[in-house]
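Remarks on the structure that follows.
Because the structure is predicted, anything quoted here is derived from the model rather than measured.
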Amino acid sequence: MTTRVIIVDDQAMVRAGFAALLAAQSDIDVVGEAPDGLRGVELSRRVRPDVVLMDVRMPEMDGLEAARLLLDPPPGVTHRPRVLMLTTFDIDDYVYEALRAGASGFLLKDAPPDDLIAAVRVVASGDALLAPSVTRRLIADFARQRPAARRGPELRLKALTDRETEVLTLVARGRSNTEIAGDLVLAEQTVKTHVSRVLTKLDLRDRAQAVVFAYESGLVVPGE
């Protein structure tokens, strides 16, 4: 199956470079480009891509607002692509807010080409791009800076079984399903089932939102 991608970035050379790199892959089809968030949203709704590569800082409409519109569309709009944020900075408030809004992860613009290709494939498969340690540091840093009222998230945690809580904790610490299976002495398929139940019970879209939830609820404490 071919993954349909659009690239939203205000720098023409960045768009062209990413497009050429991705279009050279047999399983990726670049179906459009846009120079700002507003036109990116319009393009996405017209061509219905699987993945949107979204720059964080752009004129007209920034990547955060565009991601929110794509991931929480108005009534009548059913298409919700996966959004992969692109940023120049490894610690960026906008990226954290995008993860909260449902973005599937983020990638530094100067990442090696193979990382970009792999990131698109990971996000297209429905997983979240949480492997880089910088992502976990970003979430931890902003969770520490914002000890917001946690009563709501804490109450939602009560819906989980003890095992599901263990699995969520390990997801938040960056463990893969294979690693969680080893830690808890479970079959990997069992771990996948637990992760799916956690997402359903907490009304979360993917692992990226699960990590944010785990920090904001106090289940995982930054710096532990």
Side-chain angles (χ1 to χ4, degrees), residues 1-3 5 25 27-28 50-51 53 71 80-85 90-91 95-96 98-108 111-144 150 152-224:
M1 177 182 284
T2 301
T3 298
V5 177
Q25 311 306 308
D27 59 335
I28 298 176
D50 301 303
V51 176
L53 290 180
L71 296 167
R80 291 206 312 171
R82 299 279 172 176
V83 176
L84 179 61
M85 305 302 295
D90 62 355
I91 297 297
V95 177
Y96 176 76
L99 290 175
R100 293 188 69 190
S104 295
F106 85 101
L107 191 70
L108 295 178
D114 286 349
D115 285 4
L116 173 64
I117 297 166
V120 169
R121 289 171 176 155
V122 165
V123 170
S125 73
D127 209 343
L129 191 69
L130 294 175
S133 60
V134 64
T135 303
R136 295 192 295 276
R137 190 172 82 245
L138 178 147
I139 295 171
D141 282 353
F142 282 102
R144 183 187 299 112
R150 290 175 171 168
E154 284 180 349
L155 289 174
R156 288 166 66 189
L157 278 174
K158 293 181 179 179
L160 304 182
T161 65
D162 290 344
R163 179 62 83 188
E164 289 164 353
T165 301
E166 284 183 298
V167 169
L168 174 57
T169 300
L170 292 173
V171 166
R173 288 177 175 156
R175 301 286 204 281
S176 66
N177 285 347
T178 301
E179 291 169 335
I180 294 172
D183 289 344
L184 300 181
V185 194
L186 297 172
E188 189 169 346
Q189 185 57 49
T190 302
V191 173
K192 290 180 181 178
T193 299
H194 283 311
V195 171
S196 178
R197 287 176 178 166
V198 167
L199 297 180
T200 298
K201 287 183 177 182
L202 299 178
D203 192 26
L204 302 172
R205 185 177 184 190
D206 58 24
R207 293 170 83 102
Q209 284 197 319
V211 173
V212 172
F213 179 91
Y215 278 106
E216 294 196 330
S217 67
L219 177 65
V220 176
V221 177
E224 274 189 340

Taken to the nearest 0.5 Å, the spacing of Ser125 OG from Arg82 CZ works out to 8.0 Å

Using every non-hydrogen atom in the two residues, find where Thr3 and Val120 come nearest and quote the distance to one decimal.
CG2-CG1, 4.2 Å

Separation of His194 NE2 from Leu186 CG (nearest 0.5 Å)
5.5 Å

Could you go through the side chain to side chain contact (heavy atoms under 4.5 Å, CB included) check for Val198 and Val171 one step at a time?
CA-CA 11 Å; Val198 167; Val171 166; over 6 Å; no

Without swapping roles, check the side chain of Arg80 against the backbone of Leu71 for a donor-acceptor pair under 3.5 Å.
yes

Sorted by chain and residue number, the side-chain contact (heavy atoms from CB on, under 4.5 Å) partners of Thr193 (sequence neighbours excluded) come out as Gln189, Arg197

Contact list for residues 177-195, test salt bridge (Lys or Arg N to Asp or Glu O under 4.0 Å), sequence neighbours left out
Arg175-Asp183

With sequence neighbours excluded, residues passing side-chain contact (heavy atoms from CB on, under 4.5 Å) with Gln209:
Leu204, Arg205, Asp206

Shortest non-hydrogen separation from Ala172 to Val211 and the atoms involved:
CA-CG2, 3.8 Å

Of all heavy-atom pairs linking Ser104 and Val123, the shortest is CB-CG1, 3.8 Å

Measure the CG-CG distance between Leu202 and Leu168 for me, rounded to the nearest 0.5 Å.
6.5 Å

What residues, two or more places apart in sequence or in another chain, satisfy side-chain contact (heavy atoms from CB on, under 4.5 Å) together with Ala111?
Leu107, Asp115

With sequence neighbours excluded, tell me which residues meet salt bridge (Lys or Arg N to Asp or Glu O under 4.0 Å) with Arg163.
Glu166

Could you state the interatomic distance from CG (Leu219) to CZ (Arg173), rounded to the nearest 0.5 Å?
8.0 Å

Positive for side chain to side chain contact (heavy atoms under 4.5 Å, CB included) with Leu84, one of Val5, Leu53, Val122
Leu53

Run the side chain to side chain donor-acceptor pair (under 3.5 Å) test against Asn177 and tell me which residues pass, sequence neighbours left out.
Arg207

